Structures are given as C-alpha cells and as structure tokens.
Amino acid sequence: MKKLTSMTFCLVAVVGILMSARIAPAAIMTFNSNTPANNSATRSNWLTAAGIVAPEYLVDFESGFVDNQDISGVGGLFPANLIITDTGASNDAIIRSGAGIINGSNPVGTFSVTQDELAFLELDFSANPVDYVGFQDIDHAETTGIVTFVGGGTANISFETTGVGGDSAEFFGIFRNDMPQITLVQLDASGDGRWGIDTIEYSPEPATLALLLIGGLALLRSRR
Ligand SMILES: [Ca+2]
Ligand SMILES: [Ca+2]
Ligand SMILES: [Ca+2]
C-alpha cells in the first residue's frame, strides 16, 4: 500500500510537470538597456539567459567599410550570410563615421550602420537562423520590431528611447528561449530622421547540427 501511494504520488508529479510545461506559453526574452551605463549588465543578463559565454559572431563595421557606403541588401559582407537591408523606399542602410554624425550621437568605435528611421531596417538571418541576437541602438526614438522564426511565426518587440547625443548607444538583446530559431529581425524606428545600430552579436546553433550529424551516424551504424 505504501509502495502504491508513492507510485501514485510520482505519477501525479510527472503529470503535473508535463501539464505545466504544456501550459507555459512559448515566448522570446528581450533585454533592454535603459541607459548606456547599464549596457554591460544588460548584455550579461542576455548571455546568461542564452546559456553562452560569448556569441560566435560580431559585426562592428570597424574594418572593410568606408564612410557613406550603402550596404542595404548586399550579400557576402557579414559572417553566416547575415544581410542588412533597408526595406523602405530609399534603400538607406549607410555606413557612417564621425563624432555626432547620427543626429548628434556617435558611432560605437569609428563606424556604424545608419538608417532613415522609415520601416524597416532588417537583419536577415534566414541563411543561418540564430538563437540569439544583440546589438546597440544609437539615437532613436521609440522603436518597435517584428521577430520572425523558422516556420513563419512572429513576435513583436519594442524598446525605448536613447534620448541624448554623444555616446548614446544602448544594448538590446533577443533570446529565442522556447521559440524556434530566429530568421529575421525587422526594426521600425521613428523620430528625428536618423538612427543607427552597431556591435551586432549573434550565432547560429552549431550544437543542433552536431547532434543531428551524431544521430545520423549512429543510425547508419545501427543499420549496418
Ligand atoms: Ca534602450
Ligand atoms: Ca562600430
Ligand atoms: Ca535619431
């Protein structure tokens, strides 16, 4: 009888865990620094949530680019075939350098990509979907966005104003959490006409590919 009771208890516990896993809504996690002083701490929280020490890829525009270069829709510029596109009419994703060049704000380092704040500035990861992406937003008003996942689902994001000039860049991070991998991030800034992003960090999920390969090899061996 005692054995039966403990078995029943275990069964109820397992069913409870399964049900709570089913009921919990799937959602991405976002990490918004509200001031440049909080960039480091916010980025640390993002890394911890994603379970990583450092992202695989960094795009900081510091080498291989020149002032006024239009990178919109151009392939082959960034790791893992990331493509940055302005989908607005002006095809305006421009590398800029110089103090105060982004409506009074500075690039991070020497160069940033800047855009006219007309929807959308797109980060296209569809060639190699990612688990997480972070960047620093520079001199924007309220920004909204759409994250698209493998399979076509979407989630809306929003983050707040960087209101000052100078070194105003703030960190914003996205982690897919229990959602499918991310294929596209579309950003819709609005305000005074010019904003930028910099220090884009991301990684495809090599672990999944490795697991698939290991699983495939095991299957082949077992068939032999
Ligand atoms: Ca912010
Ligand atoms: Ca930079
Ligand atoms: Ca601006």
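All residue numbers refer to positions in the sequence shown, counting from 1. Just so you know, ligand 1 is whichever comes first in the structure, and atom 1 is the first atom listed for that ligand. None of these values were measured; they are calculated from a predicted model.
I71 is listed as a side-chain neighbour of L77, based on a closest heavy-atom distance under 4.5 Å.
Seen from the Ca ion (ligand 3), atom OD1 of D192 and atom O of D139 lie 140° apart in angle, a value rounded to 10°. Draw a line from the Ca ion (ligand 2) to O of D60 and another to O of V108, and the angle between them is 160° (to 10°). Take the Ca ion (ligand 3) as the corner point: the lines to OE2 of E117 and to OD1 of N103 open at 110°, to the nearest 10 degrees.
Taking 3.0 Å as the threshold, F61 does not count as a candidate ligand of the Ca ion (ligand 2), since none of its N, O or S atoms lies below it. In summary, E160 places an N/O/S atom under 3.0 Å from the Ca ion (ligand 1), meeting the contact criterion. The Ca ion (ligand 1) lies at 3.0 Å or more from every N, O or S atom belonging to T35. Residue contacts to the Ca ion (ligand 3): G193 brings no N, O or S atom closer than 3.0 Å. Look at S33 and the Ca ion (ligand 1): an N/O/S atom of the residue is under 3.0 Å from the metal.
Summary: OE1 is the N/O/S atom of E170 found nearest to the Ca ion (ligand 1). Restricting E62 to its N, O or S atoms, the one at the least distance from the Ca ion (ligand 2) is OE2.
Using modelled atom types and a 3.5 Å distance limit, the side chains of S72 and D86 yield no donor-acceptor pair.
To the nearest 0.5 Å, atoms CZ (F125) and CZ (F78) are separated by 10.5 Å.
Across all non-hydrogen atoms, the minimal contact from A49 to F31 is CB-CZ, 3.5 Å.
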* Asked: Would D124 and S126 satisfy side chain to side chain donor-acceptor pair (under 3.5 Å), going step by step from the backbone distance to the final call?
  -> CA-CA 6 Å; D124 183 350; S126 57; 2.6 Å; yes
* Derivation and outcome, ring pair (Phe, Tyr, Trp, His ring centres under 6.0 Å), residues W46 and F171 -> CA-CA 10 Å; W46 170 69; F171 178 84; 5.2 Å; yes
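Contact check on R96 versus D198 returns no salt bridge, with no Lys/Arg side-chain nitrogen under 4.0 Å from an Asp/Glu carboxylate oxygen.
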